Amino acid sequence: MKILYIHQHFCTLAEGGSTRSYYLAKALVDAGMSVDLITRHNQPTYTVKSINGIHVHYLPIYYDNVQGFLGRIFSFLKFILLAYNAARKIPNISICYAVSTPLTTGIIALLLKCFHRIPYYFEVGDLWPLAPVQMGVIRNALLKKMLFALERKIYQQADKMIALSPGIRNGIEQAVAGKKIYLIPNIADCEFFHMEEKKGLLEKKFGVEGNFVITYFGTIGKANHLKYLLDAARACLFSDKVRFLIVGKGAELLLLQQLADAYQLNNLQFLPHADKYALRDILQVTDAVYISFASLPVLETGSPNKFFDALASGKLCIVNFKGWIKELTENEQCGLYIDPSKPDCFYEHIQPFLLNSSLLLTYQKHARKLAEAQFSRTLLTQKFTDLFK
């Protein structure tokens with residue numbers, strides 16, 4: 001069986017970012033299937049690479065989180081054109097597996113089904129276009145109507161639907177009633193995020209010896225609203241024990257750096273975007289991971305990759321949004337919810353973990369246990385490959 005896997009934002013461990021599609025595509029290869037994966041890169045030429053048995057087609061399409069709305073739309077439309085042109089030249093495709101976001105990858109799958117009779121499965125990682133609508137990015141009434149109609153069409157024509165969270169599953173059900181939906185959340189790679197005995201050396205490297213370290217890593221964009229974390233750091237300035245790390249890149253990075261300077265946050269450090277290997281070192285010196293979203297209902301349905309990396313590495317999880325992640329964190333006692341609108345209470349919430357190292361260790365062990373029991377790579381990749389049997 002040959003699978004065509006379409007994901008505009010595919011990343012490997014060496015690139016960092018969300019590596020979900022890498023794990024899933026590799027699982028298909030390990031299960032004896034042939035996988036051609038179409039993605040993009042910020043290079044001027046079309047390139048094909050073999051990555052652990054996955055035939056990865058890199059299309060020359062520039063994309064960066066710092067782009068404005070029109071720049072991103074242009075990248076999405078160009079990807080539709082080039083990806084469809086590349087896909088129709090690949091022979092003997094059995095099934096197309098298309099990944100959203102963006103929703104526009106579904107157009108490629110629709111075209112392949114309509115003109116080449118290739119069935120497709122569609123994975124929804126974010127409810128789009130609901131997310132940009134609630135964020136105020138898409139405001140035109142006609143455009144919204146067209147995009148919601150496109151969403152329904154893509155869902156209706158898919159042979160199978162895959163949701164990354166219960167909230168996303170509910171959103172799909174509201175769009176197309178009666179559709180069979182498979183829930184496969186993001187992956188906690190418990191094999192990769194093992195903790196090595198080199199914390200002392202790394203603490204010195206990052207300048208956090210003897211500190212309680214709270215780390216945010218990932219995209220630094222509007223949806224993440226990391227001013228919440230700056231407000232928390234500002235509320236902890238009086239303490240010489242609490243340090244904050246922000247690791248990543250994105251459209252909001254410069255603004256956050258300017259605010260941090262204005263607030264004189266000497267307890268906060270910015271680190272550049274890290275691949276998975278560098279991130280593993282950073283998590284060695286991290287006590288708690290901060291998972292942040294703006295206060296919008298649609299963002300509460302997400303399945304943030306950083307949460308599952310935090311679980312796999314056995315870290316206390318601090319979330320600033322409601323929804324299934326908050327409920328899971330509290331029910332499994334692996335973290336806590338802190339209202340981002342009340343930064344003055346932030347230190348009060350984390351103080352028990354500062355004063356009681358046994359309590360911190362208990363919550364961290366619960367995080368790792370949850371990763372192994374419900375979100376391990378072995379468990380979820382098996383569930384995924386079963387879709388194709």
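What you are looking at is a predicted structure, and each value in this text was computed from that prediction instead of being measured. Sequential numbering from 1 along the given sequence is applied to the chain's residues.
Side-chain contact annotation: His7 with Ser21, donor-acceptor N/O pair under 3.5 Å present. Residues Thr215 and Thr286 have side chains that bring a donor and an acceptor to within less than 3.5 angstrom of each other. Inspection of the Asp189 and Tyr23 side chains reveals an N or O donor paired with an N or O acceptor under 3.5 Å. Of the N and O atoms on the side chains of Asn224 and Ser292, not one donor lies less than 3.5 Å from an acceptor on the other residue.
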Checking Phe307 against Tyr290 for the ring-ring contact (aromatic ring centres under 6.0 Å, His included) test, could you report, in this order, the C-alpha distance in whole Å, the side-chain angles of both residues, the deciding distance, and whether it holds? CA-CA 9 Å; Phe307 173 68; Tyr290 189 82; over 10 Å; no
Derivation of the side-chain contact (heavy atoms from CB on, under 4.5 Å) call for Ile162 and Ile181: CA-CA 6 Å; Ile162 295 85; Ile181 304 166; over 6 Å; no
His55 vs Tyr5, side-chain hydrogen bond (donor to acceptor under 3.5 Å, both in side chains): CA-CA, chis, key distance, verdict: CA-CA 10 Å; His55 304 291; Tyr5 200 123; over 6 Å; no
Walk me through whether Phe321 and His225 qualify under ring-ring contact (aromatic ring centres under 6.0 Å, His included). CA-CA 11 Å; Phe321 54 96; His225 199 94; over 10 Å; no
Ile187 and Thr381: side-chain contact (heavy atoms from CB on, under 4.5 Å), yes or no, with the steps? CA-CA 8 Å; Ile187 291 168; Thr381 54; 4.1 Å; yes
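The pair Arg377-Glu191 counts as a salt bridge, with a side-chain nitrogen and a carboxylate oxygen less than 4.0 angstrom apart. Ionic pairing of Lys389 and Asp386 is present here: one or more N-O contacts between side-chain nitrogen and carboxylate oxygen are shorter than 4.0 angstrom.
No close placement of the Tyr216 and Phe270 rings is indicated, their centers lying 6.0 Å or farther apart. For Tyr347 and Phe238, the distance between ring centers is under 6.0 angstrom. In this structure, the ring of Phe346 has its center no less than 6.0 angstrom from the ring center of His349. Ring centroids of Tyr46 and Tyr58 are separated by 6.0 Å or more, keeping the two rings apart.
Geometric assessment of Lys326 against the ring of Tyr337 yields a positive cation-pi assignment under the 6.0 Å and 45° thresholds. Under the 6.0 Å distance and 45° angle rule, Lys180 counts as a cation-pi partner of Tyr182. By the 6.0 Å and 45° rule, Arg40 does not stack over the aromatic ring of Phe79.
Two residues are said to be in side-chain contact when any heavy atoms from C-beta on lie closer than 4.5 Å; Ile184 and Arg20 meet this criterion. No side-chain heavy atom of Ser94 sits under 4.5 Å from any side-chain heavy atom of Phe388. Within the 4.5 Å cutoff, the side chain of Leu229 has heavy atoms near those of the Ile246 side chain. For the pair Leu379 and Lys383, the minimum side-chain heavy-atom distance is 4.5 Å or more. Two residues are said to be in side-chain contact when any heavy atoms from C-beta on lie closer than 4.5 Å; Tyr97 and Ile6 fail this criterion. The side-chain heavy atoms of Ile95 and Leu4, taken from C-beta on, include no pair separated by under 4.5 Å. Under the 4.5 Å side-chain criterion, counting only non-hydrogen atoms from C-beta, Gln8 is in contact with Phe76.
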Under 3.5 Å, which donor-acceptor pairs link side chains of residues 28-37 to any protein atom two or more places apart or in another chain?
from, atom 1, to, atom 2, distance (Å)
Asp30, OD2, Lys26, NZ, 3.1
Asp36, OD2, His57, NE2, 2.7

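Note on ring orientation: taking the six-membered ring where Trp is involved, the planes of His366 and Tyr363 are tilted (angle from 30° to 60°). The aromatic rings of Phe308 and Trp324 lie tilted to each other, with the angle between the two planes from 30° to 60°. Using the six-membered ring where Trp is involved, Tyr63 and His9 have ring planes that are tilted, between 30° and 60° apart.
When each of Leu226, Val247, Leu254 is tested with Ile220 by the rule side chain to side chain contact (heavy atoms under 4.5 Å, CB included), just one qualifies, namely Leu226. With Val242 as reference, Ile350 is the one residue of Asn267, Asn211, Ile350, Asp287 to meet the side chain to side chain contact (heavy atoms under 4.5 Å, CB included) rule.
A 6.0 Å sphere centred on NZ of Lys113 holds more than 12 heavy atoms belonging to other residues, nucleotides or ligands. Crowding of Phe74 atom CZ: a count of heavy atoms from other residues, nucleotides or ligands under 6.0 Å not exceeding 12. More than 12 heavy atoms of other residues, nucleotides or ligands lie within 6.0 Å of NZ in Lys179, so this atom counts as buried by the packing criterion. The environment of CE in Met135 is crowded: more than 12 heavy-atom neighbours from other residues, nucleotides or ligands sit within 6.0 Å.
Remark: Lys227 NZ to Lys222 NZ distance equals 15.0 Å, nearest 0.5 Å. To the nearest 0.5 Å, atom CG of residue Leu59 and atom CD1 of residue Ile38 are 6.5 Å apart.
When the salt bridge (Lys or Arg N to Asp or Glu O under 4.0 Å) test is applied to Lys276, the partners found at least two apart in sequence or on another chain are Asp309.
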